[in-house]
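Side-chain atoms are counted along with the backbone in the values below, which use heavy atoms only and exclude waters and symmetry mates. In what follows, every chain begins at residue 1, and chains take the letters A, B, ... in the order their sequences are listed.
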There are 2 protein chains.
Amino acid sequence: MFFFEIERESASGGGEDQNLLLAAAYVSDAQYNRNVPFETSPRAIRLYYFYNHWTMQVAIYFFICVDLSLALFEEPALFPLPFLATSLAEVLCLTAFFGRLVHFAKVTPQMVFWKDMKNICIMVTIVLTLIDLIIYGSLEAVNVHSVRWSRALRPVFLINFPESRQIRRTFRSIRNTLPDILYVFLLFMFSVLIFSLMALKLFGDRGLKTVEGLPYFTNILDIVFELYVLVTTANSPDVMMPAYNFNWWYCLYFITYTIINTYIFMSVFLAVVYNNYRKHLKNEIRKLAYLKRHKMIEAFNILKVKVGTEFVVTEAQWRRLAKVVAPHISSPHLELLLRISDEGQKGHVDKVSFLRLADLLNIQVVTINIRRHPLEDWMPRVYRSSASLLVQRMVRHRIFVWVYDVIILINAIFIALDERNPFISYAEWLFLSLYIIEILLKLYTYEPRAYFGRRQGTHKMECYVMVGFLFFFFLARKYNSQQILDIVLILRILRLLRIIVSIQRFRVIVTTLINIGPTILTFGGLVLVVYYVFAIIGMEAFHGKVRFSDPNFTSPDALVCGNPALKDSAFARDRYCKNNFNDLASSFIVLMELTVVNQWHNILSETVHSQAAKLYFIGFHIVVVILIVNIFIAFILEAFFVAYSLEKSEVETAIEKKIQELGVGIQEEEMQDGMLVDNVDAKDSGFSGDDGDNKRKDLKGLYFRIASKKYRTVDALLQQMFESEIAPEEEGPSLDEILNFSPGDLYPKNPNFENSA
Amino acid sequence: MFFFEIERESASGGGEDQNLLLAAAYVSDAQYNRNVPFETSPRAIRLYYFYNHWTMQVAIYFFICVDLSLALFEEPALFPLPFLATSLAEVLCLTAFFGRLVHFAKVTPQMVFWKDMKNICIMVTIVLTLIDLIIYGSLEAVNVHSVRWSRALRPVFLINFPESRQIRRTFRSIRNTLPDILYVFLLFMFSVLIFSLMALKLFGDRGLKTVEGLPYFTNILDIVFELYVLVTTANSPDVMMPAYNFNWWYCLYFITYTIINTYIFMSVFLAVVYNNYRKHLKNEIRKLAYLKRHKMIEAFNILKVKVGTEFVVTEAQWRRLAKVVAPHISSPHLELLLRISDEGQKGHVDKVSFLRLADLLNIQVVTINIRRHPLEDWMPRVYRSSASLLVQRMVRHRIFVWVYDVIILINAIFIALDERNPFISYAEWLFLSLYIIEILLKLYTYEPRAYFGRRQGTHKMECYVMVGFLFFFFLARKYNSQQILDIVLILRILRLLRIIVSIQRFRVIVTTLINIGPTILTFGGLVLVVYYVFAIIGMEAFHGKVRFSDPNFTSPDALVCGNPALKDSAFARDRYCKNNFNDLASSFIVLMELTVVNQWHNILSETVHSQAAKLYFIGFHIVVVILIVNIFIAFILEAFFVAYSLEKSEVETAIEKKIQELGVGIQEEEMQDGMLVDNVDAKDSGFSGDDGDNKRKDLKGLYFRIASKKYRTVDALLQQMFESEIAPEEEGPSLDEILNFSPGDLYPKNPNFENSA
C-alpha cells in the first residue's frame with residue numbers, strides 16, 4: 001500500500017509531481033528490468049504502482065500455488081477431496097488470474113496487450129479449463145469417468161505471468177535451440193537406426209537369449225529401444241553380455257556404439273545447447289540493457305531543466321525521485337549516492353550521472369553504524385580490565401578459529417562413531433557447551449550488530465543453526481518425536497559446514513555456487529513445469545498399475561506390488577513398488593528417478609508394459625535430460641567461466657571510490673578477520689579530525705561497504721559487460737528495434753561482445 | 001631414404017647447398033611444428049633428416065606396439081608364451097628404444113637433451129624394466145612367483161617419444177588442471193562426507209534392510225562408498241528404495257544429494273576441466289605459432305640476399321628449397337605457390353611472403369587434370385550420340401540422386417524385414433544390381449579420375465564399400481564362414497550412410513564430426529595408456545577370481561562363475577562371468593564398462609569383495625571419468641564452438657584468390673552437384689582465350705582447388721586465429737622466452753586472443 005499512499009499525497013501537488021511520479025515509474029521499471037509500457041494519466045500510474053505492489057504479486061503466486069497443488073487432492077489423490085471442493089477452488093483461482101489479467105490490461109496500451117502472446121495464452125487456458133471442468137463435472141454427475149486433460153495446462157499460469165520472466169527466458173532459450181537440436185537429433189536417430197539394423201543382422205539369427213530367457217535382438221523396434229536405453233547407459237553391460245558371452249568380438253560393436261552415440265552425440269547435444277544458450281542469453285541481456293537505457297532517458301527527459309547550456313536534473317528533484325523509487329533507503333546512503341551522482345557538488349545532476357541512477361539504487365550498500373560494545377557502556381571498568389582484554393585478544397586471534405575447527409572435526413568423528421556408547425553421548429553434551437561458549441565469547445568480544453551484519457552471513461547462519469538445534473533438541477526431548485530428532489541430527493551435522501568457509505581456497509568455488517543459487521531456483525521452476533505436465537499425463541495413463549504395501553508385509557501379493565504380471569521381474573525383486581504414478585508426489589519422485597536415468601528401463605518396462613509407455617519415457621528423456629539438464633550444465637559452465645573472468649563493475653567502482661574518498665569505507669579483508677573494531681577505531685580518529693563539511697557530518701559515525709562485491713549473478717555480470725560498451729551519450733536504438741532484436745543481430749553489431757565468453 | 005639421397009647429392013655442392021639444406025630443415029621443422037634445435041654441421045643435418053624419416057618413425061611405432069602387446073602373451077595370458085620368448089622380445093624393444101634415444105641425442109645439443117624430462121623418463125624406464133626382468137627371471141628360475149610391476153611402465157615409451165606430441169599435450173593439460181580439480185574434489189568429498197554422516201544418523205538406527213537382506217546404511221565407510229556410487233548414478237533408485245519404502249520424506253535427502261553432488265559438482269568438474277583445457281590449448285598453440293615464426297626467420301636469414309634496399313630470397317633458391325622440403329609437389333602446384341609468394345613477379349620473394357612458405361606447403365591443393373572421358377576418345381561417335389547424351393544428362397540430374405536415396409531407404413526397410421522370406425532375399429540381389437548399375441552409369445558419365453578425386457571422398461567410400469561387399473560376399477558364399485558373413489552384413493548397412501551426405505543440413509555436423517576424427521584418435525592413445533596401466537594392475541590383483549565357462553554349460557559351478565562366494569549375487573544372476581581380469585583383452589572390456597559407469601558397483605563388488613578393490617575403482621573413476629571423459633567433452637565442445645565461428649584463413653584466401661585470378665579454379669559447389677565437366681568446359685574456353693603468358697602455359701589444362709576448406713582441426717583454426725595477431729614484421733620473443741610461456745602470460749599480453757573462444 002506504500003506506493004499508493006505516496007501517490008495520493010503527491011497527486012494533489014499538481015503537474016510537476018505527476019511528472020516526478022512518471023519518471024519514478026520509468027526508473028523503477030529500469031531498475032527491475034520490467035518492460036511494460038504504460039499511459040501517462042495519473043490514474044494509470046496509480047494502477048500501475050498497485051499492479052506492481054508486492055501484496056498483489058504475493059497474492060497471485062499464492063493462487064498459482066493453490067491451482068498447481070490441486071492435483072494433490074484430485075483423483076488419483078494423495079489427500080482425496082470431493083470433486084466439488086477442488087473444482088470450486090479451481091474456479092476461484094481462475095477468477096483471480098482473470099482479474100489480474102484485466103488489471104494488467106488497464107495499465108497497458110491496448111495494442112501492446114493484444115500483441116502479447118502471454119495474455120492470449122492465459123485467456124485461452126482459462127476458457128479451456130472452464131470447458132473441461134463443465135464437461136468433466138456433468139459426466140461425473142451421470143457417473144461416467146472421463147479425463148481431466150486441462151490439468152496439464154495449469155503450468156501455463158506459472159509461466160505466463162509477468163513475474164516469471166526468468167522461467168520464460170529459459171523456455172525461449174529452449175524454443176530457439178530446437179531447430180539446431182532437431183538436426184543433431186535426426187542424425188543421432190539415424191545413427192541409432194543404422195546400428196539397430198546391424199544388430200538385427202549380427203545377433204538376430206544367433207538364437208541368443210537374454211538373462212530373462214527372452215529372445216535377444218530379434219525385433220527391430222525392441223532393438224531400437226534397447227539401443228536408445230544404452231545411450232543413457234542404463235542397461236550398459238547387460239545388453240552386451242549375451243553377445244559378448246557368445247563371441248568375444250561382438251563387444252567391439254557395443255564399444256563403437258557407446259563411443260559414437262553416448263560420448264560423441266551426447267557431447268554434441270551439449271555443445272549445441274550451450275552455444276545457443278550463450279547466444280540467446282547475450283541477446284536478451286543486450287535487449288535489457290538497451291531497454292534500461294531507453295527508460296532512463298525517458299525519465300531524464302521528463303525531469304530535465306536547463307542550467308547554462310546543458311539539461312540537468314536538480315538536486316531536490318533527484319532526492320524526491322530517489323525517495324519515491326526506493327522509499328526504504330537511509331538518508332546517509334542517499335547522501336552518498338548524491339555525492340557520487342553530483343561529483344562537483346553543483347546542486348544538480350547531469351545526464352550521464354542520472355542514467356546511472358537505477359544501477360546505483362541496485363547496488364546494496366551496507367550502512368554500518370559503529371558503536372561501542374554495550375558492555376563497555378554498561379560496565380566500562382570490568383570490560384576494560386586486563387583479564388577481559390586478554391579474553392578479547394584471544395577470541396580475535398586466528399588460533400581461536402583453528403581450535404574450533406579442530407573441535408568440529410573431532411565432533412564429526414564422534415558423530416560417525418557408535419552413539420549407543422554412553423561416553424560418546426556425553427561427549428555430545430560437551431561439544432554443545434563448547435559451541436555455546438564460543439558464541440558467548442564472540443558476543444562478548446564483538447559489537448553484536450557488527451557481528452551479525454558480516455558478509456556471507458556465516459555468523460548469522462551459525463547462530464540460526466545453534467538456536468534451531470537447541471530448540472528442536474529440547475522439543476525432541478519433550479515429545480520424543482522421530483521427525484524432530486531427524487531435524488536435530490541434520491542441524492548437528494550442518495554445523496560442520498563452518499569448516500569450509502574458513503578455508504580460503506574453497507571460498508571462490510563456494511561463492512560461485514552460492515551466486516548461482518537464485519538461478520538454480522529458476523531451473524527449479526522450469527523443472528516443476530515440465531514435471532507437472534508429465535506427472536499429470538503419467539497419472540492419467542498409468543495410475544493403479546502397481547500398489548505399494550507396507551514393506552514388512554510379505555504376502556505374495558505385496559511382493560509383486562499387487563500386479564501378478566510382475567512376478568519374477570526386476571521391478572518386484574528390487575522392491576520398486578513405491579515407484580508408481582498413484583499420486584502427484586510419487587509421480588514426481590518417479591520422474592526424478594527417470595531424470596537420473598539409471599534403471600529407468602526397469603522402472604518403465606515393469607510398471608507398464610506397453611509401447612505407448614516407451615514413447616512417454618523417450619519423450620521425457622528428450623525434454624528433461626537432453627534439453628533441460630544440458631541447459632543446466634551450460635548455465636553452470638557459463639557461471640564458472642564468468643566467475644573466472646570476474647571484474648569489478650564501473651558503477652560499483654565509482655561508489656567504492658567515493659566511499660574511500662569520504663573515509664567511511666571498511667575493507668572487506670578487515671571485516672573477515674574479525675579485526676573490525678580495532679581498525680574502525682583508528683579510522684574514526686582520522687575522520688573526525690577532518691574539516692567540518694555540512695554533508696560529511698551526516699555521514700559521521702557511519703561506515704559503508706558494498707555488500708555483495710563477489711555476489712553477482714551471471715546475468716548481472718554479462719549485463720555490466722555489455723553496458724560498458726554503450727557510450728554514455730548514446731541514445732540506443734528505438735524501442736521497437738530493441739524489442740525485435742534477434743540473436744543474429746548480435747555479432748555483426750557488437751564484434752567485441754564475444755569477449756565476455 | 002629420400003632425404004638422405006638428396007642430402008648426399010647436395011652435400012657435394014659446397015657451402016651454399018649446405019645452407020639451403022639447413023634452411024630446409026628449419027622450414028620442415030616449422031611445417032610440422034617440431035621443436036628440436038640442432039647443430040649446423042652437415043653430418044648433424046643428415047642425421048637429423050634420417051631421424052625424422054618416416055621409416056624410422058614407423059619402426060619405432062612398431063616396437064612400441066610389440067612392447068605393449070607383450071601383455072597379451074605374458075601370464076595371465078590370452079595366448080600364453082614362455083617367459084623366455086616374451087622377455088627376449090622385451091629386451092629387443094628396449095634396445096630399439098635406447099638406439100632411438102642415442103640417435104636423438106646426436107641431433108640435439110647436449111644441454112637441451114639433458115634438460116628434457118622425456119629423455120630422462122625413457123632412460124629410467126629402460127633401466128627399471130631391465131632390473132625387473134632380471135629379478136623376475138631369477139625368481140622364476142627358482143620357482144618363486146613375483147610381480148612384474150615394470151609392465152605398468154610400458155606406456156611411458158608411447159607417451160615420451162617425440163612423435164606422440166598430441167598425447168603429451170593432453171597429459172600436460174591434465175597435469176595443469178590437477179590443482180584446480182583438487183580443490184573442487186576436496187569440496188566434493190567433504191560434501192559426500194557430510195551427507196554420509198547425515199545418512200548414518202538418519203537411517204543407521206532404523207534397522208532397515210537392503211533388498212539383499214543386508215543392514216542398510218550402518219557403517220560409515222560403506223555409506224561413503226554407496227554415496228560415491230550414487231554420484232555416478234549407478235545405484236540410483238536402489239540405494240534409495242529401503243529408506244523411501246520406510247518413509248516418504250526420506251527421498252528428499254536423496255534428491256538433494258543427487259542435485260548437489262551429481263548435477264552441480266559434476267558440472268563444476270566439467271567447467272574446471274574445460275576452462276583449463278581452453279587456457280592451456282591456447283597457450284600451447286601460441287607457443288607453436290611463435291616457434292614457427294622463429295624458425296621461418298632463421299631460414300630466411302640463412303638464404304637472404306640483398307636486392308636494392310631489402311633482403312629477399314631469390315626465386316631459384318626458393319624453388320630449390322621448396323623441392324627439398326616437399327619433394328613430391330607437382331611443378332604446376334609449385335608454380336602456383338611461387339606466383340602467390342612473388343606477387344609482382346620480380347624474380348625474388350620478400351620476407352613477409354617467405355614467412356608464409358610453411359603454411360603454403362601445408363595447404364593441400366588438389367591438382368585436377370581436366371581430360372575428356374576415355375570413352376569419348378575411344379569411340380567418340382557412340383559417346384556423343386543423342387542416346388548416350390540423354391543417359392549422361394539423366395545421371396547428372398538431381399532426380400537421379402533422389403531416386404537412389406529412395407532405393408536405399410527401401411533397401412533399409414527390406415534389411416529390417418525377415419530375411420528368411422525367399423522374396424526378400426531375392427530383393428537383396430535386385431538392390432545389389434541396382435547399386436552396381438549406379439556405379440557403372442556414373443563411371444560412364446564422369447571422367448573416372450575426377451569422379452574419384454572429389455571432396456569428402458564420398459564416392460571413393462561408396463566404391464570401397466561396394467568392392468569390399470562384393471569381395472566378402474563371394475568369399476562368404478565360398479567358405480560359408482560366419483565372421484565373413486558378419487562383415488558382409490555390416491558393409492551392406494554402411495551403404496545406407498550415403499543418405500546422410502546428400503542432406504545439406506547434416507553436412508555441417510558431419511563435417512565437424514569428421515574434422516575431430518584425428519584428434520579422437522589422440523584420445524584413443526590417451527585412453528590406451530591409462531587403460532593399459534589399470535589393466536596391468538587389475539590383472540596382477542584380481543586375475544583368476546572368476547572363471548567364464550561356455551554359456552550353454554549350466555553346471556552349478558559355471559553358474560557362479562567358478563566362485564562359490566558369488567552364489568545368488570547379481571553378478572552371477574546377470575551372467576557377468578566374462579567381466580573379469582583374466583587376460584588383457586577382458587580387462588580392457590571391463591575397464592570400458594567401468595568407463596560407461598553403469599552397474600560398476602556390481603561388476604566390482606561381486607568380482608572382488610575387498611576394500612582395496614573399491615579404491616582401485618574409485619581411482620579409475622577419478623582418472624577416467626572425471627578427468628579424461630571431461631577433457632574429451634571439453635574438446636568436442638570447443639571443436640563445435642570453433643566450427644560455429646568458422647572463418648577462412650588468410651593464407652588460404654591468398655591461394656584461392658590467386659587460383660581465381662589465374663582462372664584455374666573450380667567452385668566447390670559446382671563440384672558437389674556433379675556438374676564438373678559442364679562447367680569446366682565453359683571456363684576452359686575463357687581461359688584459353690587469355691594472353692599466352694609463359695607461366696600460365698604451365699598451368700594450362702590443370703585446375704586447382706583447395707582440398708579441405710572445411711576440413712580443419714581445432715588446433716589449426718586456433719593457430720590461424722593467433723597467427724593473424726602476430727604482425728608480419730614482428731620477430732616475436734626469443735626462443736627461450738617462447739619455450740617458457742606459461743598460461744598465465746597469455747591474458748595480459750594478448751587481451752584480444754580471448755576472442756577466439
Side-chain angles (χ1 to χ4, degrees), chain A residues 183-184 187 190 194 197-198 200-202 211 220 233-234 236-238 241 244-246 251 255 258 263-264 267-268 270-271 274-275 412 415-416 486 489-490 493 496-497 500 505-506 509 513 551 574-576 578-579 589 592-593 596-599 603 632-633 636-637 640-641 644 754-755 757, chain B residues 183-184 187 190 194 197-198 200-202 211 220 233-234 236-238 241 244-246 251 255 258 263-264 267-268 270-271 274-275 412 415-416 486 489-490 493 496-497 500 505-506 509 513 551 574-576 578-579 589 592-593 596-599 603 632-633 636-637 640-641 644 754-755 757:
Chain A
Y183 287 107
V184 180
L187 206 59
F190 186 82
I194 289 275
L197 278 180
M198 278 190 207
L200 182 69
K201 295 289 121 178
L202 283 178
V211 176
I220 185 78
T233 78
S236 164
D238 303 283
M241 290 321 288
Y244 179 43
N245 284 336
F246 180 76
C251 75
I255 291 174
T258 309
Y263 287 108
I264 296 180
S267 303
V268 174
L270 178 59
Y274 183 25
N275 197 53
I415 292 176
D486 287 349
L489 287 170
I490 291 173
I493 291 160
L496 303 181
L497 283 181
I500 296 177
R505 288 302 298 248
F506 287 163
I509 309 166
L513 287 178
D574 293 341
R575 305 268 175 85
Y576 280 4
K578 215 170 181 178
N579 294 328
I589 292 168
M592 179 70 203
E593 289 170 8
V596 175
V597 160
N598 199 54
Q599 294 285 358
I603 299 168
F632 182 72
I633 295 175
I636 290 185
L637 289 180
F640 270 82
F641 296 157
Y644 285 132
E754 266 296 278
N755 273 341
Chain B
Y183 287 106
V184 181
L187 206 59
F190 186 80
I194 289 275
L197 278 180
M198 280 191 206
L200 182 69
K201 293 290 120 177
L202 283 177
V211 175
I220 185 79
T233 77
S236 163
D238 303 284
M241 289 320 288
Y244 179 43
N245 285 336
F246 180 76
C251 74
I255 290 174
T258 309
Y263 288 108
I264 296 181
S267 303
V268 174
L270 178 59
Y274 183 24
N275 198 52
I415 292 175
D486 287 349
L489 287 169
I490 291 173
I493 291 161
L496 303 180
L497 283 180
I500 296 178
R505 289 300 300 246
F506 287 164
I509 309 166
L513 287 178
D574 294 340
R575 305 268 175 85
Y576 280 3
K578 214 169 179 176
N579 296 327
I589 291 167
M592 179 71 203
E593 289 170 9
V596 175
V597 160
N598 198 54
Q599 295 286 357
I603 298 168
F632 182 73
I633 294 174
I636 289 183
L637 290 180
F640 270 81
F641 296 156
Y644 285 130
E754 265 296 276
N755 272 341

K.L.:
Please report the shortest heavy-atom distance between A:Phe640 and B:Ala271, naming the atom on each side.
P.N.:
CB-CB, 3.8 Å
K.L.:
Heavy-atom pairs under 4.5 Å with chain A: which of B:Val184, B:Leu200, B:Leu187 has the most?
P.N.:
B:Leu187
K.L.:
Any chance you could measure B:Asn275, atom CG, to A:Leu637, atom CG, to the nearest 0.5 Å?
P.N.:
9.5 Å
K.L.:
Given a strict heavy-atom distance threshold of 4.5 Å, which part of B:Met198 is in contact with chain A: side chain, backbone, both, or neither?
P.N.:
both
K.L.:
Are the side chains of A:Val268 and B:Leu513 in contact, using a 4.5 Å heavy-atom criterion?
P.N.:
yes
K.L.:
Using heavy-atom distances under 4.5 Å, tell me whether B:Tyr244 contacts chain A through its side chain, its backbone, both, or neither.
P.N.:
both
K.L.:
Please give me the minimum heavy-atom distance between A:Ser267 and B:Ile636, naming the atom from each residue.
P.N.:
CB-CG2, 3.8 Å
K.L.:
Among the options B:Ile220, B:Asp238, B:Ile633, pick out the one with the most heavy-atom pairs lying under 4.5 Å from chain A.
P.N.:
B:Asp238
K.L.:
Applying side chain to side chain contact (heavy atoms under 4.5 Å, CB included), run through B:Leu270 and A:Leu270 and close with a yes or a no.
P.N.:
CA-CA 12 Å; B:Leu270 178 59; A:Leu270 178 59; 3.9 Å; yes
K.L.:
Please walk me through it: do A:Ile264 and B:Phe632 pass side chain to side chain contact (heavy atoms under 4.5 Å, CB included)?
P.N.:
CA-CA 9 Å; A:Ile264 296 180; B:Phe632 182 73; 3.9 Å; yes
K.L.:
Under 4.5 Å heavy-atom distance to chain B, tell me which part of A:Tyr183 shows up: side chain, backbone, both or neither.
P.N.:
both
K.L.:
Of A:Thr233, A:Val597, A:Val596, which is the lone residue that meets side-chain contact (heavy atoms from CB on, under 4.5 Å) with B:Thr233?
P.N.:
A:Val596
K.L.:
Do you know which of A:Ile255, A:Thr258, A:Ile589 has the most heavy-atom pairs under 4.5 Å to chain B?
P.N.:
A:Ile589
K.L.:
Name the region of B:Ala234, side chain, backbone, both or neither, that has any atom closer than 4.5 Å to a heavy atom of chain A.
P.N.:
backbone
